Amino acid sequence: MLSFISKTKLFRYLHTLPPPPKTASKKRAAEQNCLALLELCNNFPKLSQIHTHILKLGLQTNPLVLTRLASTSSDLNAIDYASSFIFGLDAKTHLYDTFLFNTVIRAYAQTKDSKQNALIYYKIMLKDCIFPNKFTYPFVLKACAGIGELSLGQSVHGSAVKYGFSDDIHVLNTMVHMYCSCGGGIEFGRKVFDEMPKCDSVSWSAMIGGYAKLGMSSEAVGLFRKMQIAGVRPDEVTMVSVLSACTDLGALELGKWVSSYIDKEKVPKSVELCNALIDMFVKCGDVDKALKLFRNMAEKDIVSWTSLIVGMAMHGRGLEAISLFEDMRSSGIVPDDVAFIGLLSACSHSGLVEKGRQYFDLMLKEFRIVPKIEHYGCMVDLLSRAGLVKDALEFVESMPIEPNPIILRALITACRAHGELKLSESMTRKLIKQEPMLESNYVLLSNIYAISLNWEKKTTIREVMGKKGIRKTPGSTMFELDNEIYEFVAGDKTHNEYKEIYEMLDEMGKEMRRAGYVATTSEVLLDIDEEDKEDALNRHSEKLAIAFALLKTPPGTSIRIVKNLRVCEDCHTATKFISKIYNREIVVRDRNRFHHFIDGLCSCKDFW
DNA sequence: CTAGGGTTAG
């Protein structure tokens, strides 16, 4: 199309947009120009001018124009405009019916918030007896995946079978993806996957990615092993999903293996793959490796920068995060809201209060980014950690949004730490109103009662919890050794060497007490005597994992463990002692961040 | 005109 007229001429044409020509040949030329312009106008702000021009030329029912409008524009208005004319078309007189519908369905399937329209047009299509073809289903299924309603997906599955497209590999692959993206659909996805006559790397990636997204990371890794046995060559997309599973598990050794596998098998390193590698190294505890990888990347996008900034924040390396952010700006990349979340959380974790305040203002003033609850959350956390309780409370008052549980928890922790017990109690009650089924909120309340020596109220908490039927989220800790992931839960005796582990725990306890350790029993909810409480704390999964790691790794080496919850007060204190007594660097990843324990101190500076 | 992928406060 563009061979008819140069781009420059086209844009000039756009700016002048001449009146509709009178002769037929000139009309055809104008139509050609119009089509060519539409091709160029993806994201082009002058799209509305072309709309008007299309109307003037009388091209609004031309299927070619309509398809181009819908398919070349990511502008929802253009899609709506194009699709609304489809109603006006006489189905019998046009040759492009299925094609036209496919284009509109595809356009809606690609939007963020209007995916349901793809299904509406699919239904119109069937009602008008326009038959879907093999291209229709991938679009429709993609829309279903985005909406995430299982029943909807199942009905589309049914119609794909009815119209005879359920043996096409593209349709089946999208079907797997659709089921994996719908709540409760993973088993259906697995069934489709298992029953596929032929699988390619896309099918495997869809299934592995499905497990990875749901946090079923061991299944994802297991399926990747099966893929290798099946002899299907993984590509860069497969590796991204496998890496995201490693990231979730915190399995650095596994992640390193995947990384060298990528090099060995010469899997092309797309930007997305490199970003996944960076994220893996960051969240498995090796930021420096992530940094090295980042420096070697030929092309970096905003996600690459942000992943690393977030990484620095998680490890308490705030100044490096700030300088990365500035380097990113200098390199011409405009920061987005996510980059600011990383930056602000970095300031917060490193106590850079003034920097944080400056950047928070800069965000709106220079970059026109309206702060979201996450940004407010970072600021409340920043002020709270710095001990500026009053500022934090005032800040929350000034926010245009109601504080959510995350913000409340930051405030409560700050108030508790600075003796504002009455205030922290009332806020915790507010928090429990918002999240009545979360065990950790009751632990918080119990802890506040313990500090204020209010034993009566403390003992009633368990009753309340029992009445509400609140179930404890079991804490677990993972430790990776010789390509094996060992998972510990509190009081675990399922391990082969549990006797040795408990002996080690006893020895650790003795050494720690000799060095001045006193158990922090205030967070134990059980109504038992102090000695039993200590015993309960001593069996926490984190301590079991550390005991096992001390037994199994050579002296002087660092220990990396991954917790599924936030590290508890007592384990945090104990780990500080252990790092000093046994002269080990202990790296703990908890729900939120990393703790690097060295020589009796922690990188989080005891506020987390 | 067809499928699967990366960053988000505590």
Side-chain angles (χ1 to χ4, degrees), chain A residues 67-68 70-71 96 98-107 109 132-142 145 165 168-178 180-181 193 200-210 212-213 234-244 247 270-280 282-283 301-311 313-314 336-349 371-382 384-385 404-413 440 566 590-593 607-608:
Chain A
T67 27
R68 184 128 323 145
S71 68
Y96 301 102
T98 300
F99 179 61
L100 193 58
F101 271 98
N102 283 355
T103 317
V104 172
I105 291 169
R106 176 179 65 168
N133 63 13
K134 64 173 180 174
F135 300 113
T136 314
Y137 279 95
F139 298 144
V140 177
L141 288 166
K142 198 175 177 176
F165 293 108
D168 181 277
I169 192 157
H170 290 104
V171 173
L172 286 170
N173 286 344
T174 329
M175 196 85 78
V176 172
H177 172 67
M178 177 277 292
C180 292
S181 316
F193 175 77
D200 60 8
S201 69
V202 178
S203 334
W204 286 92
S205 302
M207 200 61 226
I208 294 171
K213 274 237 163 64
D235 61 16
E236 71 270 31
V237 182
T238 324
M239 299 323 289
V240 168
S241 289
V242 176
L243 278 170
S244 110
T247 308
S270 62
V271 181
E272 286 93 338
L273 182 52
C274 288
N275 292 346
L277 276 166
I278 291 176
D279 189 47
M280 183 276 292
V282 156
K283 297 208 177 110
D301 67 4
I302 190 152
V303 178
S304 331
W305 288 93
T306 308
S307 305
L308 204 54
I309 291 170
V310 168
M314 285 184 87
D336 62 4
D337 54 335
V338 185
F340 270 102
I341 293 171
L343 178 70
L344 293 175
S345 88
C347 293
S348 153
H349 283 286
K372 295 197 296 192
I373 190 93
E374 289 91 339
H375 301 104
Y376 288 112
C378 290
M379 291 309 285
V380 175
D381 190 55
L382 173 88
S384 300
R385 275 177 205 277
N404 62 9
I406 295 168
I407 291 177
L408 281 178
R409 266 190 289 273
L411 276 180
I412 292 163
T413 320
S440 62
R566 226 194 57 170
D590 79 3
R591 188 99 234 160
N592 303 329
R593 60 165 288 155
F607 197 124
W608 70 97

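What you are looking at is a predicted structure, and each value in this text was computed from that prediction instead of being measured. Labels below follow one simple rule: chain letters A, B, ... track the order of the sequence lines, proteins then strands, and each chain is numbered from 1.
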What nucleic acid atoms does [X] come within less than 4.0 Å of, heavy atoms only: base, sugar-phosphate, or nothing?
X: A:Asp301; answer: base
X: A:Thr413; answer: nothing
X: A:Leu308; answer: nothing
X: A:Asp235; answer: base
X: A:Asn404; answer: base
X: A:Leu273; answer: base
X: A:Val171; answer: nothing
X: A:Ser244; answer: nothing
X: A:Asn102; answer: base
X: A:Thr174; answer: sugar-phosphate

Euclidean distance, atom [atom1] of residue [X] to atom [atom2] of [N] [Å, nearest integer]:
X: A:His170; N: B:dC1; atom1: NE2; atom2: P; value: 12 Å
X: A:Asp200; N: B:dT2; atom1: CG; atom2: P; value: 15 Å
X: A:Asn592; N: B:dG10; atom1: CG; atom2: C1'; value: 4 Å
X: A:Ile373; N: B:dG10; atom1: CD1; atom2: C1'; value: 12 Å
X: A:Asp590; N: B:dG10; atom1: CG; atom2: P; value: 10 Å
X: A:Phe139; N: B:dG4; atom1: CZ; atom2: C1'; value: 15 Å
X: A:Asn133; N: B:dT2; atom1: CG; atom2: C1'; value: 9 Å
X: A:Phe340; N: B:dT7; atom1: CZ; atom2: C1'; value: 15 Å

Nearest to the [X] side chain among [options], which nucleotide is it?
X: A:Val338; options: B:dA3, B:dA9, B:dT7; answer: B:dT7
X: A:Ile341; options: B:dT7, B:dA9, B:dG5; answer: B:dA9
X: A:Asp279; options: B:dT2, B:dT7, B:dG5; answer: B:dT7
X: A:Glu272; options: B:dA9, B:dA3, B:dG5; answer: B:dG5
X: A:Thr306; options: B:dC1, B:dG4, B:dT7; answer: B:dT7
X: A:Ile407; options: B:dG10, B:dA3, B:dA9; answer: B:dA9
X: A:Glu374; options: B:dG5, B:dA9, B:dA3; answer: B:dA9
X: A:Ile406; options: B:dG5, B:dA9, B:dG4; answer: B:dA9
X: A:Arg409; options: B:dG10, B:dG4, B:dT7; answer: B:dG10
X: A:Phe135; options: B:dC1, B:dG4, B:dT7; answer: B:dC1

Does [X] have a side-chain nitrogen or oxygen under 4.0 Å from the phosphate oxygens OP1 or OP2 of [N]?
X: A:His375; N: B:dT8; answer: no
X: A:Lys134; N: B:dC1; answer: no
X: A:Lys142; N: B:dC1; answer: no

How far apart are the C-alpha atoms of A:Asp381 and A:Ser384, what are their side-chain angles, what is the distance that settles it, and do they pass the side-chain hydrogen bond (donor to acceptor under 3.5 Å, both in side chains) test?
-> CA-CA 5 Å; A:Asp381 190 55; A:Ser384 300; 5.8 Å; no
Q.
Determine whether a donor-acceptor pair (N or O, by modelled atom type, separation under 3.5 Å) exists between the side chain of A:Asp279 and the backbone of A:Val282.
A. no
Residues at least two apart in sequence or cross-chain that pass side chain to side chain contact (heavy atoms under 4.5 Å, CB included) with A:His170, listed by chain then number, are A:Pro138, A:Asp168
With a 3.5 Å cut-off and heavy atoms only, can you find an N or O donor on one side and an acceptor on the other between the side chain of A:Ser270 and the base of B:dG5?
yes
A:Ser440 meets the side-chain hydrogen bond (donor to acceptor under 3.5 Å, both in side chains) criterion, sequence neighbours left out, with none
Task: side-chain hydrogen bond (donor to acceptor under 3.5 Å, both in side chains) between A:Asn173 and A:Ser203, worked out - done: CA-CA 5 Å; A:Asn173 286 344; A:Ser203 334; 2.7 Å; yes
- Query: How are the rings of A:His375 and A:Phe340 set relative to one another: parallel (under 30°), tilted (30 to 60°) or perpendicular (over 60°)?
  - Reply: perpendicular
Closest non-hydrogen atoms of A:Leu243 and A:Leu273, given as atom of the first, atom of the second and distance, are CD1-CD1, 3.7 Å
